[in-house]
Protein chains: 2
Amino acid sequence: MTEAPAHDRGTRSREAILDTATDLMSRHGYAATSISMISAACGLPASSIYWHFGSKDGIYVAVLQRARITLETALPSIDVPGADVAQRLDSFLEALTVVFQRHPHGTKLLLGLSMLQQSASAEAVAELHRYRDTLMAWARGALSRVFDLGDRPEVSEELARFTLRTASGTAVARWFEPAASLDIEPLRVALRALAAHRSGVPAGKTPRVGHP
Amino acid sequence: MTEAPAHDRGTRSREAILDTATDLMSRHGYAATSISMISAACGLPASSIYWHFGSKDGIYVAVLQRARITLETALPSIDVPGADVAQRLDSFLEALTVVFQRHPHGTKLLLGLSMLQQSASAEAVAELHRYRDTLMAWARGALSRVFDLGDRPEVSEELARFTLRTASGTAVARWFEPAASLDIEPLRVALRALAAHRSGVPAGKTPRVGHP
DNA sequence: GTCTATAAAGTGATAGAC
DNA sequence: GTCTATCACTTTATAGAC
């Protein structure tokens, strides 16, 4: 008898399928990734893939789910270290850079979601939202600590939304310049200015300039 | 004889095909949009589509090309009106909002580019870049006027890049909240802060805080 | 330029032996 | 759990009449 532990071989196959599916789908998108492509790339026959995941949609859901769980466990603490705002902001931005660089699957998968409009199953859409909610919650919590916004949840929300949109925009930019990095510096300046702006201005009030 | 002018009927068909292809591809993405879908939606048989565009890729290129030309002619003047910075910035942001709302095809098409990695033809990639370059050039020029940056092209470049990434990020956010708007206010604050930051700091120098 | 008809290959998915 | 073999369907693309 082999020394192989209780782990079934099936579990390993499952992971292997998920690995290649994650890779292919994040590179080509959901629609452009076929079962036969996955089968050829991971060595297992198509029927095994169906045995594990039931359908192409099932693979997509499983891929998203695993990506989200991986992200969750890898996400740095919300309690960003640092004595003053500048230091904590730096910690946050560094953490964000790490997340952005080490979990490109997530951002790319979120973009390979051309399927959302019609072909997406309810499960896939739900999983997609869960992934994004995870990121939002982390950014919101961390930014609340950075700028000490415990009493101003709307401001944390706004800063987090802004941060995530910048990150998404950078992910898009990568299609054109694959080397595009997160551009920490403008984001730092922007976040500080936004936080200061919202601190000096009563919540809800928005000073407009010019136009009626 | 009919009053119909020299315009061939073929030209109209061509436009009709492009219309529906633009709609379908921006909603479902390139890969998920089939010739038969386009054929069914626009009424013309598949062979007519091939007669006009030669291949599926050819349709995509033509769609992108037309979208870019439409954008170019619709793009407001780079010479943003306004006496002071605040007014000109407001003009720019309003123009940006209009572009963003009235040309969603473009932003969505840029995102339906899952095809870039492998299946994309050189022509399609080139056209995609041209579309983006058009937007960047406009934003760069306009922001240069807004903040009077004639002598600091790197700053205009940075501001434009930041603006476009924010806009792209918002386009992504629309998958989750279809009602998501461009969030002019944070962008305004961020751009002013960035411009001020770059004016006060010598070009190239970047003050870092904290970490070594 | 537009149509019908069809070729050739690929797709998602399943049956059943092992 | 994994394999071979296959079904029913859709895909891109073309041929040729009109």
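Heavy-atom basis, side chains included; hydrogens, waters and symmetry copies ignored. Here the structure is a predicted model, which means the values were calculated and not measured. In what follows, every chain begins at residue 1, and chains take the letters A, B, ... in the order their sequences are listed.
Applying the salt bridge (charged side-chain N to carboxylate O under 4.0 Å, His left out) criterion to A:Glu158, with sequence neighbours excluded, gives A:Arg198.
Nearest-nucleotide positions on DNA chain C place B:Gly43 closer to the 5' end than the other of A:Ser36 and B:Gly43. Of the residues near DNA chain D, B:Tyr50 and B:Ser47, the one whose nearest nucleotide (by heavy atom distance) lies more toward the 5' end is B:Tyr50.
At whole-Å resolution of the value, CD1 in B:Ile35 and P in C:dA8 are 20 Å apart. Taking atom NZ of B:Lys56 as the reference point, atom C1' of C:dG10 lies 13 Å away to the nearest angstrom. Put simply, CD1 on A:Ile49 is 14 Å from P on C:dT14, counting in whole angstrom units.
Put simply, the side chain of B:Arg174 gets close to the backbone of B:Ala180: a donor and an acceptor are under 3.5 Å apart. For A:Arg68 (side chain) and A:Tyr131 (main-chain N/O), no donor-acceptor pair under 3.5 Å exists by modelled atom type. A donor-acceptor pair under 3.5 Å is absent between the side-chain atoms of B:Trp138 and the main chain of B:Glu72, judged by distance alone.
Atom CG of A:Leu187 is separated from atom CZ of A:Phe92 by 7.0 Å, given to the nearest 0.5 angstrom.
You can see that DNA chain D meets the heavy atoms of chain B within a 4.0 Å-exclusive cut from D:dT11 to D:dA15, reading 5' to 3'.
By the 4.0 Å N-to-carboxylate-O rule, A:Arg165 lies close enough to B:Asp183 to be salt-bridged with it.
Counting non-hydrogen atoms under 4.0 angstrom, B:Ser39 reaches nothing in the nucleic acid.
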